[in-house]
Amino acid sequence: MTDFSTDALHGSSMKDAYGALVTPIYNSSTFIFDSTAQGAARFALEEAGYIYGRIGNPTCAALEETMAKLEGGEAALVTASGMGAITATIWTCISAGEEIVADKTLYGCTFEFFEHHLSRFGVKVHFIEMTDEAQLRAALNEKTRIVYLETPANPNLKITDIEKTAQIAHAYNPAIRVICDNTFCSPYLQKPLSLGADLVVHSATKYLNGHGDLLAGVVVGDLETITQIRLVGIKDMTGAVLAPNEAYLFHRGVQTLPVRMERHCASAMKIARYLEKNDKVEAVFYPGLESHPGHEIAKKQMRAFGGMVSFIVKGGREKAAIVADSVKIATLAVSLGATQTLIEHPASMTHSPYSEEELEAAGIPAGLIRLSVGLEDPDDLIRDLQQAFEKV
Ligand SMILES: Cc1ncc(COP(=O)(O)O)c(C=O)c1O
């Protein structure tokens, strides 16, 4: 067994015809068959090999091998965005009349898909407080096919015990698929499959690629399910295929994931401690702080506490907006996990699909600011935040 850092560099066994060190970008939409018989055998999945770019591509396959290894799954499928990974997975694993149990704190578009769109297709989603065992047990029934969570959750960094959630769901019905969005951690910090989850989804737009220059997603799990998602969720239902150029950049980004994550985590911890002492801050949410309600679980299931910090500015939305509008090094933009620090206001941006009441129920107050701590010098970032707070 090799270490994560080694696997991030040597996870793919792909060798091209010329011995290139780096997997080339195979910009081919289709692949040649030697004969009609061979084409038929490939379509019937009786012979391995490429068919058409919507079903697979060598540049993507090399990245998928690396991602499966890093998440500790049998197989991976890369997609055109995180929402591509999430929707292709859900469409494959659910039918009309069946149900999903989901945590009530989710990325805004995942929430919107679950709350407003799946219902149009006869799929019911129960939103619960996943950290409350009693609520989970009460929501499970014979129609439940999926239990879905994010941990740390976007945007308030709530921590859910993956192992306990998977145990409860599987004890009720081993066929239930526990799906964990691991975007905020990356596999360097947390491996949901090793804790009992069945599938892991990611917005690779974030830490996995890490440089804020592309959209991508990935889903990792057992080979049979990943093959179904490839042939149903991607090939037929969404077409959310990752382009080979993007796969190349994503694979390049993954090589430095461990070093980037170490720096994101160390800087986020320093900034969280600074915010904790700031008298203009009502509350700080960072799983590394002893004051975080999920701190002990985070210590158990995460290697370190991540690069995301959220905080409530005293005085609500208006004062929070002054901080977000006044920073000079941090950039006011949605997204996260990039080299550069990004700051945003979830209630009016990433989580605007939630109504006022839903925001409150999900623990997303109007004064909450979400900070994706980048790779700048952390003391420069603290000075930047300090001058922004002085404007409040
Ligand atoms: C936790 C989480 N999951 C999924 C997504 C969707 O990813 P993408 O924007 O790559 O479609 C995001 C995007 O911000 C996210 O934060």
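Bear in mind that the values here come from a model prediction, so they are computed numbers and not experimental data. By convention here, the first residue in the shown sequence is residue 1. Hydrogens, waters and symmetry mates are skipped; everything else that's a heavy atom, side chains included, is used. In listed order, ligands and their atoms are each counted from 1.
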* Under 3.5 Å, side chain of Ser81 to main-chain N/O of Gly84, donor-acceptor pair present? ->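 Yes.
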* **His116 and Phe111 aromatic ring geometry - parallel, tilted or perpendicular at 30°/60° bounds** =>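 The arrangement is perpendicular - the two ring planes meet at more than 60°.
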* **Polar contact flag, side-chain donor to acceptor under 3.5 angstrom, Arg177-Thr225** =>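 Yes, Thr225 and Arg177 have a side-chain donor paired with an acceptor closer than 3.5 Å.
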* What about Phe31 and Tyr52, are their ring centers closer than 6.0 Å? ->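 No, the ring centres sit 6.0 Å or more apart.
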* Asked: So, do Tyr207 and Phe184 have ring centers that fall under 6.0 Å from each other?
  ->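 Distance test on ring centres: not under 6.0 Å, no.
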Are there any N/O pairs under 3.5 Å between ligand 1 and the protein, and if so, what are their distances?
residue  : atom   : partner : partner atom : Å
ligand 1 : 3 (N)  : Asp181  : OD2          : 2.7
ligand 1 : 7 (O)  : Ser203  : OG           : 3.0
ligand 1 : 10 (O) : Gly82   : N            : 2.8
ligand 1 : 10 (O) : Ser203  : OG           : 2.8
ligand 1 : 10 (O) : Thr205  : OG1          : 2.6
ligand 1 : 11 (O) : Gly82   : N            : 3.0
ligand 1 : 11 (O) : Met83   : N            : 2.8
ligand 1 : 14 (O) : Lys206  : NZ           : 3.0
ligand 1 : 16 (O) : Asn154  : ND2          : 2.9

All N/O donor-acceptor pairs, side-chain side in residues 188-196, below 3.5 Å, sequence neighbours left out:
residue : atom : partner : partner atom : Å
Tyr188  : OH   : Glu262  : OE2          : 2.4
Gln190  : NE2  : Thr151  : O            : 2.9
Gln190  : NE2  : Asn182  : OD1          : 3.0
Lys191  : NZ   : Leu70   : O            : 3.1
Ser194  : OG   : Lys191  : O            : 2.7

